[in-house]
Amino acid sequence: MDEAPLLIVDAANVVGSRPDGWWRDRAGATARLRDALAPLAAEGRPPDLPPDAEVVLVVEGAARRVPGIPQVRVVAAERSGDDAVVALVDAAASRRRLVVTADRELRERVRALGAEVYGPRWLRGY
């Protein structure tokens, strides 16, 4: 596993974990999350995530129009955001993969593929 670790964030689940009015502007809340994730690409999150990680934000629904930025690649799920997360984890089998979600079923699916799983609180401060 010489490649940079891959951090995959389930946007809908993480955004929905904070009762901050996100439901009034899902795309805006997702863009704020994307921007808050940008420093993780360069700085990491000790001790779990080393610097120089690839950060991917999986979006769906009303947030599909949120564009990526240089530090955070945005993947718009064609159908299920969960399925898109699983596909990303599966496609990067040779890399260390960290997934951020609180979705129990998704957590089980990606753990079965060898990914590490963290809850939205791990990202607190975004």
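Computed from a predicted structure; not experimentally measured.
The line from CD1 of Ile69 to CD of Gln71 is 4.5 Å long, rounded to the nearest 0.5 Å. Taken to the nearest 0.5 Å, the CG atom of Leu88 stands 11.5 Å off from the CG atom of Leu7. Between the CZ atom of Arg96 and the CD atom of Glu116 there is a distance of 4.0 Å, given to the nearest 0.5 Å.
Nearest approach of Val89 to Ala115, heavy atoms of both residues: CG1-CB, 3.9 Å. When all heavy atoms of Val66 and Ala31 are compared, the pair lying nearest together is CG1-CA, 4.1 Å. Heavy-atom minimum distance, Leu33 versus Ala11: CD2-CA, 4.1 Å. When every heavy atom of Arg111 is checked against every heavy atom of Val117, the shortest pair comes out as CG-CG2, 3.7 Å.
Residue pairs that meet the ring pair (Phe, Tyr, Trp, His ring centres under 6.0 Å) test with at least one member in residues 60-109, sequence neighbours left out, do not exist here. Listed by first and then second residue, the side-chain hydrogen bond (donor to acceptor under 3.5 Å, both in side chains) pairs involving residues 77-92 are Asp83-Arg109 (not counting sequence neighbours).
The side chain to side chain contact (heavy atoms under 4.5 Å, CB included) check on Arg65 picks up Ala27, with sequence neighbours excluded. For Ala102, the side chain to side chain contact (heavy atoms under 4.5 Å, CB included) partners two or more places apart in sequence, or in a different chain, are Asn13, Pro120.
Side chain of Arg32 to backbone of Val15: no donor-acceptor contact under 3.5 angstrom is found. Of the possible polar contacts, one joining the Arg64 side chain to the Ala77 backbone as a donor-acceptor pair under 3.5 Å is found.
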Show which side-chain atoms of residues 35-50 pair as donor or acceptor with protein atoms under 3.5 Å away, not counting sequence neighbours.
from  : atom 1 : to     : atom 2 : distance (Å)
Arg45 : NE     : Trp122 : O      : 2.5
Arg45 : NH2    : Trp122 : O      : 2.7
Asp48 : OD2    : Trp122 : NE1    : 2.7

For residues 53-61, dump all side-chain donor-acceptor pairs below 3.5 Å to protein atoms at least two apart in sequence or in another chain.
from  : atom 1 : to    : atom 2 : distance (Å)
Glu54 : OE1    : Arg95 : NH1    : 2.7
Glu54 : OE1    : Arg95 : NH2    : 3.0
Glu54 : OE2    : Arg73 : NE     : 3.2
Glu54 : OE2    : Arg73 : NH2    : 2.9
Glu60 : OE1    : Gly81 : N      : 3.3

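Tested against Ile8, the residues Val75, Val85, Val86 include a single side chain to side chain contact (heavy atoms under 4.5 Å, CB included) partner, Val85.
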